[in-house]
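Atoms within each ligand, like the ligands themselves, are counted from 1 in listed order.
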Amino acid sequence: MENEAVSKNFIEQFIDKDLEEGVYDTVHTRFPPEPNGYLHIGHAKSILLNYGLAQKYNGKFNLRFDDTNPTKEKIEFVESIKADVEWLGADYEDRLFFASNYFQQMYEGAVKLIKKGKAYVCDLTAEEIRAYRGTLTEPGKNSPYRDRSVEENLQLFENMKNGMYEDGEKVLRAKIDMASPNMNMRDPVIYRVAHMTHHNTGDQWCIYPMYDYAHPVEDAIEGITHSICTLEFEDHRPLYDWVVKELEYEMPPRQIEFAKLYLTNVVTGKRYIKRLVEEGIVDGWDDPRLVSIAALRRRGFTPESIKMFVELCGVSKSNSSVEYPMLEYCIREDLKLKKPRLAAVLDPIKLIIDNYPEGQVEYLDAANNLENEELGTRKLPFCRELYIEREDFMEEPPKKYFRLFPGNEVRLMHAYFVKCESFVKDENGKVIEVHCTYDPETKAGSGFTGRKVKGTIHWVPAPYAIEAEVRLYENIIDEEKGVYNEDGSLNLNPNSLQVVEKAYLEPAFEGAKAYDSFQFVRNGFYCVDAKDSTPEKLVFNRIVSLKSSFKLPK
Ligand code: ATP
Ligand code: MG
């Protein structure tokens, strides 16, 4: 980017200052997902931000699973998250960590706090703790167990660890200040009893640390310098700082918050997506209508396009939503010069060239991408019977319609001029054939300089056409229009998936494989579906159409 010195974001400015002042002599970031679902576009922002900073400052980047809560976590999610992070190009090398491997250190930290008189075992119920906590306008009340001796606390905490209590019977709390204006500082719970099997540590533990205690410890153990998280943790920062200070880490990490990424008209919340998946409304977490990273990949988005998008969004301190069309802009920009532009007809009608000899075929040279010669050329068979898009013919055209209508002449892309002579309808009045004559003098590339035509349309040679299924997508739930109906059901867009059972593709599509993408000329960008496409029956996802009213913000 130009003007790099000026365009540094606020996180980079903090880091520069820390390095200048010698607070840290290196930059070490991490991405700390909880393995309780698939990652989405918002997480991509966090991944690329953290990884990007490590790159920029020649530092290190960790992938750390924040797996301290045994209830919701699954191995399936660990694997999908690793795949997504790798696909985005955030190379964590051998720095893959699991917070659950630090349970012993976290436990020892808690013992240390008790010994310092900074933590105590409390017998209040969850409800009582809430009641004692006070409100934003009133201070809280001290727990009656707050002044237990260090010895008693050590014994009780050990009993907690040894499984002597039921879930919820006792907790360990930090001893901070029940009158603090910051509710998070009112003696927060830092350990709870939970008799649950953990996906990594099995039944080794029946006490588990709370997020606000565990997270700073994880960061400190790994030598993280800048712990970047989202805005809702701003009020938790004093507690983060308290934990790393009281545990006396030599190089305490520093928390910096930024605003979450939200997209307009698109659902990102795990809760809704989970419901869509569980109710079978979508085809799994990678259904191309979702904005999980797996879904974007399946739909045909590229890591480059997501990176471009995240960079355009920038890093900010205030919550806002970004328009979905900006994401579409990025994928168009990324693909437009990289991918071949081939002909596909989604809603076919037959075009018959009456003066072209039956059985004859010629192979025309066609550039694969007019804006990028490097993509080469292909041979396109041309013959008497072609398919064209239904919308490229009109019996009674409106003004400014320059495509085919009776008596009008157009160019067939890469081929000849054809003139519409007549058409045939079926018994329902639907047009099924358009009859034309062609002018052999007008072959593309022949230097023909005679009359001009205003319209160019694409076509597929009927006898050589490949049949394919094509899936067209719209948003499944429009968050702005309301996620739920009055009866509690999800407010679904009935057109979110439209299937074209039989589209016709030109022969150059032969051999297309999973994740290959193309421009369907004059239409949009499409990607071979990785789940359902087979060599016998190709299935394409529409990534994005060519048309857009989106303008890049200045
Ligand atoms: P969700 O709210 O969708 O369940 P989460 O925040 O609970 O997401 P985590 O696995 O805890 O999911 O998040 C891992 C990291 O990703 C955290 O550092 C979190 O701040 C960041 N993150 C989550 N959502 C977004 C978002 N929309 N934009 C940017 N970063 C995000
Ligand atoms: Mg979370």
One finds that the ligand 1 atoms under 4.0 Å from a non-hydrogen atom of S46 are 16 (O), 21 (C), 30 (N)
Query raised in the report: NZ of K338: more than 12 outside heavy atoms within 6.0 angstrom?
Result: yes
Here the atoms of ligand 1 under 4.0 Å from any heavy atom belonging to P33 are 10 (O), 14 (C)
Taken to the nearest 0.5 Å, the spacing of K112 NZ from K118 NZ works out to 12.5 Å
Check residues 290-300 and write down every donor-acceptor pair under 3.5 Å in which the side-chain atom is one partner and the other belongs to a residue at least two apart or another chain.
unit_1 : atom_1 : unit_2 : atom_2 : d
S292   : OG     : W285   : O      : 2.7
S292   : OG     : A295   : N      : 3.1
R297   : NH1    : D84    : OD1    : 3.1
R297   : NH2    : D84    : OD1    : 3.1
R298   : NE     : D529   : OD1    : 2.8
R298   : NH1    : D283   : OD2    : 3.1
R298   : NH1    : D286   : OD1    : 3.3
R298   : NH2    : D283   : OD2    : 3.1
R298   : NH2    : D529   : OD1    : 3.3
R298   : NH2    : D529   : OD2    : 3.3
R299   : NE     : R542   : O      : 3.0
R299   : NE     : I543   : O      : 3.4
R299   : NH1    : P288   : O      : 3.1
R299   : NH2    : I543   : O      : 3.2

Next item on the list: Compute the shortest N/O to N/O distance between E232 and ligand 1 and return yes if it is under 3.5 Å, no if not.
Entry: no
- prompt: Would a 4.5 Å heavy-atom cut-off, applied to side chains only, mark F65 and P33 as touching?
  reply: yes
If we number the atoms of ligand 1 from 1 as shown, the ones under 4.0 Å from a heavy atom of H40 are 3 (O), 24 (N), 27 (N)
Nearest non-hydrogen contact to atom 23 (C) of ligand 1 from the set R64, R271, H43 belongs to H43
Only residue of L492, N495, N493, L490 satisfying side chain to side chain contact (heavy atoms under 4.5 Å, CB included) with I476 is L492
Notebook entry, point to check: Can we say R30 and E218 salt-bridge, meaning some charged N sits less than 4.0 Å from an Asp/Glu carboxylate O?
Noted result: no
Per-atom filter on ligand 1: closer than 4.0 angstrom to a heavy atom of E34 are 9 (P), 10 (O)
Atoms of ligand 1 under 4.0 Å from any heavy atom of P32, numbered from 1 in the order shown, are 14 (C), 18 (O)
Does the N or O separation between C229 and ligand 1 drop below 3.5 Å for any pair? no
Counting from 1 in the order shown, the ligand 1 atoms closer than 4.0 Å to a non-hydrogen atom of F31 are 14 (C), 15 (C), 16 (O)
